[in-house]
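First comes the structure, then the notes that go with it.
The chain is numbered in sequence order, starting from 1. Note: hydrogens, waters and symmetry copies are ignored here, and every other heavy atom, side chains too, is used. Note that the coordinates shown come from a computational prediction; the quantities given were computed from them, not determined experimentally.
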Amino acid sequence: MRTLLFIHQAAELYGSDKTLLALIKNLNPQQYKIVVLLPFDGPLRPALEACQAEVHITPVLKLYRKMVTPMNLIRFIKDIQTGLATVKKLHAQHHFDLIYSNTLAVLLGVFAAKKLQIPHVWHVHEIIESPGIFKKTFGKLLALKSTTKIVYNSKATADFWNATAPLTPKSSVIHNGLETPNPVSEAEKMEIRERYFHAKTTDRVFALVGRISRWKGQLTALEAFVPIASEFPNSRLLFIGSAPPNQEHFEETLQTAIRQYGLQTQVFQIPFQENIHSFWAAIDIALVPSTEPEPFGLVAVEAMLAGKPVIASNHGGLTEIVVSNQTGFLFPPADIPALTNAMQTLLLNPEKVKTMGEAGKIRALNHFSIQSYTQAFEQLFEQLS
């Protein structure tokens, strides 16, 4: 049996959290013993422990924009000492065969792998265009010899980082995979639509699921919906998710804009939901209007697995998921009239909602299954450990 140390940068259940959980849940328990380090407690911890993973809370050396102050740098140095001491203690107990770092946000893995002289896999989920110093720093960190293998979540992510620091010989692309959700009853769908969406069976519900942030496109979606709301009074727009900690002003800005447009009876924000599969089942059409390139676009796969057409920005990893005019539409990033037009097209052609949703589900099952995702990593772990 191989013992693997996983290091992750959060403890919630958003994109990268879900990919980590899906991988650990589906690794063969007869072949792998899993230990996970998280920076704080949260809903991810009990979910991992339910998969028989051993979870510890410790600094994981997160690199963030506001860390370059004297106080934060001192804290970072102390965190290096604490984090490395934790890994060293756990290694003495478990004798790790490999360290897996999930996202660029964690630096502990690359330092621990060098200190312990064991293989290190860095799973990169990010495209970081600014600030430039972060882009250069991560390029140099990825090139360190202590990282044995770099796994990118999409070709878009790989192309971005290989253009910054050519790392092709030790890099590969493994598209994220998700589990097929359990069926949701019609009664549960109707309850969600009535309780949360304020929508009837005949109403049409658009939804943007994910963090409320600067670049996820909530304001883009809202502006695109303004002409839709008046032309189609039975339409709804949902924002399902919450802002990151200490960034609640993004939610306040969104709520202010909803009121200014007078759309309080057609547009609703719903906090993050753990049972998101049930909500996807009750939604009609997914929106992923990210204004910056998505490294992958996990919510698009979630929507497709639920049989929903996806209207998404035509850049980043989304171009590897959504097939325009087949499983949904790709529109030029931040092009509000183009997004409005795509939304109108589906409202005027309900048969497209059905056929695109069906095609999307088939594509998701064939190309983004949890089975192929897990198998690819198991093969990689076998090669390196």
Side-chain angles (χ1 to χ4, degrees), residues 1-8 13 15-36 44 47-54 94 96-104 109 113 118-126 147-159 161-162 167-182 277 294-306 317-323 327 360-385:
M1 178 179 285
R2 289 172 169 79
T3 304
L4 310 180
L5 176 64
F6 285 72
I7 306 177
H8 184 52
L13 286 172
S16 62
D17 313 303
K18 289 181 179 179
T19 60
L20 177 72
L21 177 60
L23 177 58
I24 290 175
K25 183 178 179 180
N26 287 276
L27 286 173
N28 189 335
Q30 304 303 317
Q31 296 181 8
Y32 300 100
K33 163 68 178 177
I34 306 298
V35 179
V36 184
L44 180 60
L48 288 169
E49 291 174 339
C51 302
Q52 310 306 311
E54 179 182 318
H94 294 289
F96 297 123
D97 295 290
L98 179 146
I99 296 176
Y100 166 103
S101 295
N102 195 45
T103 79
L104 283 175
I118 58 178
H120 176 234
V121 174
W122 211 335
H123 193 179
V124 179
H125 299 260
E126 300 97 330
T147 294
T148 317
K149 190 74 173 180
I150 303 167
V151 175
Y152 298 106
N153 64 348
S154 70
K155 184 177 182 298
T157 306
D159 289 346
W161 289 109
N162 282 326
L167 301 163
T168 305
K170 66 174 183 178
S171 67
S172 62
V173 173
I174 299 177
H175 283 126
N176 292 333
L178 286 176
E179 294 179 293
T180 305
N182 293 324
H277 296 309
E294 289 275 0
F296 182 68
L298 198 67
V299 292
V301 177
E302 285 184 339
M304 288 160 65
L305 283 171
L318 290 167
T319 64
E320 299 166 47
I321 300 170
V322 179
V323 180
T327 68
K361 185 170 185 177
I362 292 170
R363 177 168 172 76
L365 291 171
N366 288 340
H367 295 277
F368 309 107
S369 71
I370 190 60
Q371 290 79 15
S372 60
Y373 179 67
T374 306
Q375 185 179 41
F377 271 105
E378 286 185 338
Q379 290 175 350
L380 180 60
F381 295 155
E382 293 297 314
Q383 293 169 7
L384 298 181
S385 59

Which residues share a salt bridge (Lys or Arg N to Asp or Glu O under 4.0 Å) with K170, sequence neighbours left out:
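Listed in chain order: nothing, the list is empty.
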
Suppose we screen for salt bridge (Lys or Arg N to Asp or Glu O under 4.0 Å). Which residues come up paired with R363, at least two apart in sequence or across chains?
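Salt bridge (Lys or Arg N to Asp or Glu O under 4.0 Å) check on R363 returns nothing, list empty.
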
If you apply the rule side-chain contact (heavy atoms from CB on, under 4.5 Å), what do you find for L20 with Y100, and how did you get there?
CA-CA 10 Å; L20 177 72; Y100 166 103; 3.9 Å; yes

Atom pair CD/CD of E378 and Q31 - distance to nearest 0.5 Å
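Atom-to-atom, E378:CD and Q31:CD are 6.0 Å apart.
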
Out of curiosity, S372 OG to N176 CG, how far, rounded to the nearest 0.5 Å?
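So the gap between those two atoms works out to 10.5 Å.
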
Taking side-chain hydrogen bond (donor to acceptor under 3.5 Å, both in side chains) as the criterion, tell me which of T19, N102, T103 meets it with H8.
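Of all the options given, the one that passes is N102.
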
Answer yes or no: is there a side-chain heavy-atom contact under 4.5 Å between [X] and [Y]?
{"X": "Y373", "Y": "L23", "answer": "yes"}
{"X": "I118", "Y": "D97", "answer": "no"}
{"X": "L98", "Y": "R2", "answer": "no"}
{"X": "L48", "Y": "F6", "answer": "no"}
{"X": "S171", "Y": "N162", "answer": "yes"}

Do other residues, nucleotides or ligands put more than 12 heavy atoms under 6.0 Å from K149 NZ?
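Yes, because the 6.0 Å sphere around NZ of K149 holds more than 12 heavy atoms from other groups.
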
Under the 3.5 angstrom rule, does the side chain of S154 hit a backbone N or O of F296 as a donor-acceptor pair?
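It does not hold such a pair.
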
Does H94 have any side-chain contact (heavy atoms from CB on, under 4.5 Å) partners at least two apart in sequence or in another chain, and if so, which?
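Residues passing side-chain contact (heavy atoms from CB on, under 4.5 Å) with H94: T3, K33, V35, E54, L90, F96.
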
Describe, in one word, how the ring planes of H123 and F377 are oriented to each other, choosing from parallel (under 30°), tilted (30 to 60°) and perpendicular (over 60°).
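Tilted: the ring planes of H123 and F377 meet at 30° to 60°.
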
